[in-house]
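Below is one structure, written out as structure tokens; the observations come after it.
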Number of protein chains: 2
Amino acid sequence: MNLQITRNGTVFMQLREDIVMGRLRPGERLRTETLRQRYAVGGSPVREALMRLESEGLVELEENKGFRVAAVSQEQLDDLSATRTEIEGIALRKSIALGGVEWEANLVSAMHFLASASRESDHAPYDRNADWLAYHREFHRALVAGCNSPILLDIRERLFDLGERYVALSISTKGEARDHVAEHRAIMAAALERDADTAVRLNREHIERTTEKLKLLGDFAH
Amino acid sequence: MNLQITRNGTVFMQLREDIVMGRLRPGERLRTETLRQRYAVGGSPVREALMRLESEGLVELEENKGFRVAAVSQEQLDDLSATRTEIEGIALRKSIALGGVEWEANLVSAMHFLASASRESDHAPYDRNADWLAYHREFHRALVAGCNSPILLDIRERLFDLGERYVALSISTKGEARDHVAEHRAIMAAALERDADTAVRLNREHIERTTEKLKLLGDFAH
DNA sequence: TGTCAATAGATTTTCGAATATTTTGAATCA
DNA sequence: TGATTCAAAATATTCGAAAATCTATTGACA
């Protein structure tokens with residue numbers, strides 16, 4: 001009946017999304033009973049999913065006292081953005097050095113999806129749209145996918161998740177409307193031209209711009 | 001993280017050590033029943049520990065088919081060493097730029113322990129001695145501890161664990177006797193002199209030398 | 001009034017059994 | 001012989017309840 005997907009795996013994905021999307025707030029207690037009801041499963045899958053998320057930094061565990069949604073702070077946001085910049089810098093340079101035509105094609109494709117999704121919903125706050133988020137994630141993944149380093153890609157992926165939570169937790173300031181499509185297109189162009197220094201610089205500015213925007217609303221910052 | 005208290009935490013640490021030290025071989029199946037007996041606990045703590053280790057890359061999970069000790073390969077060893085070099089490079093530079101006298105003192109202290117442990121057991125293959133391994137680990141941790149980036153330190157720690165497993169899995173080639181103490185002392189000296197370029201270079205060579213030695217015995221390499 | 005101890009209640013953690021899935025191997029058919 | 005089906009054995013997964021631990025509250029005592 002339950003084809004191939006285990007309850008534990010399902011809960012893991014749902015719970016991660018609930019945390020990354022900010023539906024569960026930082027510091028909030030995650031009682032087993034509550035989660036059992038929320039996801040309609042027993043205690044074992046819930047605990048196993050929580051253990052995995054703890055290892056990914058989205059959940060905190062205090063032994064014999066239970067789980068909480070991981071706290072956030074201005075310091076961690078800064079650390080996260082700085083580290084992400086470094087990691088993506090390395091991966092991007094390697095991609096530009098090693099990536100073949102397959103990497104290029106995939107990147108162009110991802111850019112197309114992103115641009116399309118941006119156009120369709122340009123009246124709404126499109127950077128909250130679920131589709132747009134998925135395409136955005138895919139673009140950044142495709143950008144560095146040619147680096148030939150699974151370990152680096154795995155690290156990047158996790159940092160991206162952690163960062164996305166900060167975006168979700170911020171109440172869309174929308175100070176000055178950014179032209180996301182142009183930003184991404186510029187990074188892609190530099191990458192395809194094998195101009196590593198420019199691509200890395202643009203990517204760094206891209207991350208910094210997002211971090212700066214979040215800095216404005218010191219909601220959870222302690 | 002008080003990992004000693006709950007059974008799950010205890011199993012997690014024991015199992016991780018058994019894998020990192022090579023007592024459980026790559027690819028080996030990890031049946032719940034076997035592990036229950038091995039660690040004298042029930043199924044829940046075992047599965048929870050395995051989930052955490054899966055997230056750390058030491059265990060592989062195939063849904064509904066169970067767990068295995070993560071496979072090893074020459075490609076992953078190369079990827080691991082390269083990534084570790086990059087990550088430690090970043091952290092080391094930040095440490096040298098930001099580290100205060102506390103960082104310096106801790107580093108000197110760690111070096112002293114390492115040198116002492118090396119001297120005491122210089123007749124034996126001391127780089128397999130449990131104490132020596134702990135001091136070695138602590139030295140490398142202390143070296144970058146001043147970087148003021150918890151996220152970077154966490155990543156470095158995990159990569160170090162993964163790398164240590166490759167060392168444990170290799171049958172002590174001992175080709176040319178290395179002067180480990182001198183190598184570490186040189187890295188420390190450059191760091192304390194705030195000579196980032198030299199420190200990073202020496203650290204890179206330190207990692208490369210270890211990786212090269214392991215390359216010789218293509219035991220598990222597929 | 002303030003501190004401490006004891007207890008009851010709430011929650012986490014763990015176990016053993018029940019359920020679901022995969023693997024094995026024998027029997028059947030082409 | 002080789003492929004296929006089907007049951008049973010092995011194994012992984014999940015559940016519900018028991019055990020262990022933490023938290024809150026009450027009452028005794030200084």
Side-chain angles (χ1 to χ4, degrees), chain A residues 1-19 23-72 222, chain B residues 1-19 23-72 222:
Chain A
M1 206 58 178
N2 285 334
L3 310 169
Q4 279 186 339
I5 301 292
T6 58
R7 295 191 207 285
N8 139 56
T10 308
V11 172
F12 171 67
M13 290 196 306
Q14 290 182 325
L15 193 46
R16 174 163 66 179
E17 180 163 318
D18 282 342
I19 294 174
R23 290 190 283 266
L24 294 168
R25 313 296 287 180
E28 183 174 343
R29 284 201 70 189
L30 296 168
R31 287 194 209 78
T32 45
E33 184 53 34
T34 310
L35 297 180
R36 275 168 58 140
Q37 291 176 7
R38 181 176 183 124
Y39 302 112
V41 294
S44 307
V46 163
R47 279 184 63 86
E48 288 168 19
L50 286 168
M51 285 294 178
R52 289 213 255 180
L53 291 167
E54 195 265 351
S55 196
E56 300 208 346
L58 286 168
V59 159
E60 287 164 1
L61 165 63
E62 204 174 353
E63 304 233 315
N64 284 326
K65 291 171 100 178
F67 298 88
R68 291 177 171 278
V69 178
V72 294
H222 300 296
Chain B
M1 277 208 294
N2 259 336
L3 298 177
Q4 294 280 15
I5 299 175
T6 59
R7 297 190 205 284
N8 143 54
T10 309
V11 172
F12 171 67
M13 291 200 309
Q14 290 182 325
L15 195 46
R16 174 163 67 179
E17 180 163 317
D18 283 341
I19 294 174
R23 290 191 283 267
L24 293 168
R25 313 297 285 181
E28 185 174 341
R29 286 201 67 189
L30 296 168
R31 287 193 209 79
T32 45
E33 184 53 32
T34 310
L35 297 180
R36 276 168 58 142
Q37 291 175 7
R38 181 178 183 122
Y39 301 113
V41 295
S44 307
V46 164
R47 278 184 63 86
E48 287 168 19
L50 285 168
M51 286 295 180
R52 290 213 254 180
L53 291 167
E54 194 264 350
S55 196
E56 300 208 345
L58 286 168
V59 159
E60 288 164 1
L61 165 62
E62 204 175 352
E63 302 224 318
N64 283 326
K65 291 171 99 180
F67 298 88
R68 293 177 169 278
V69 178
V72 294
H222 301 297

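Order of the sequence lines sets the chain letters (A, B, ...), proteins ahead of strands, with each chain counted from 1.
Within residues 28-40 of chain B, the residues approached by DNA chain D to less than 4.0 Å at the level of any non-hydrogen atom are B:Arg29, B:Arg31, B:Thr32, in residue-number order.
Per the geometry, CD belonging to B:Glu63 stands 11 Å off C1' belonging to D:dA12, to the nearest Å. For the pair A:Glu54 CD and C:dT13 P, the interatomic distance rounds to 11 Å; values are reported in whole Å. Atom pair B:Leu61:CG and D:dT11:C1' shows a separation of 14 Å (rounding to whole Å applied). Rounded to an integer number of Å, the gap from CZ of B:Phe67 to P of D:dA12 is 9 Å. One atom, CD of B:Glu62, and another, P of C:dT22, lie 10 Å apart when rounded to the nearest Å. The separation between B:Met51 atom CE and D:dA12 atom C1' is 10 Å, rounded to whole Å. Per the geometry, CZ belonging to B:Arg7 stands 18 Å off P belonging to C:dT12, to the nearest Å. Counting to the nearest Å, the P atom of D:dC22 and the CG atom of A:Asn64 are 5 Å from each other.
Of the candidates D:dC22, C:dT13, D:dC15, the closest approach to any side-chain atom of A:Lys65 belongs to D:dC22. Nearest nucleotide to the A:Ser44 side chain, out of D:dT13, C:dT13, D:dG16: D:dG16. The side chain of B:Asn8 lies closest to C:dT14, out of D:dT14, D:dC15, C:dT14.
Contact detail for A:Arg23 and A:Arg38: the closest heavy-atom pair is CB-NH2, 4.4 Å. The two residues B:Val69 and B:Leu30 make their nearest non-hydrogen contact at N-CD1, 3.7 Å. Between B:Leu53 and B:Arg16, the closest heavy-atom pair is CD2-CB, 3.6 Å. Considering all non-hydrogen atoms of both residues, B:Arg52 and A:Ser55 come closest at O-OG, 3.7 Å.
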Mind running side-chain contact (heavy atoms from CB on, under 4.5 Å) on B:Leu35 and B:Leu50 for me, showing each step along the way?
CA-CA 10 Å; B:Leu35 297 180; B:Leu50 285 168; 3.9 Å; yes
Test log, rule side-chain contact (heavy atoms from CB on, under 4.5 Å), inputs A:Gln14 and A:Glu17
CA-CA 5 Å; A:Gln14 290 182 325; A:Glu17 180 163 318; 5.9 Å; no
Using the side-chain contact (heavy atoms from CB on, under 4.5 Å) rule, take B:Leu61 and B:Met51 through it: C-alpha gap first, then chi angles, then the decisive distance, then the call.
CA-CA 8 Å; B:Leu61 165 62; B:Met51 286 295 180; 3.9 Å; yes
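Rounding to the nearest 0.5 angstrom, the gap separating the CD atom in B:Glu28 from the CD1 atom in B:Ile19 is 9.0 Å. Taken from CZ in A:Phe67 to CG in A:Leu15, the straight-line distance is 10.0 Å, to the nearest 0.5 Å.
Taking only side-chain nitrogens and oxygens, A:Arg47 comes nearer than 4.0 Å to OP1 or OP2 of C:dT13.
Where pairing requires Watson-Crick or G-U contacts shorter than 3.5 Å, the helical stems of DNA chain D with at least three consecutive pairs are C:1-30 with D:1-30.
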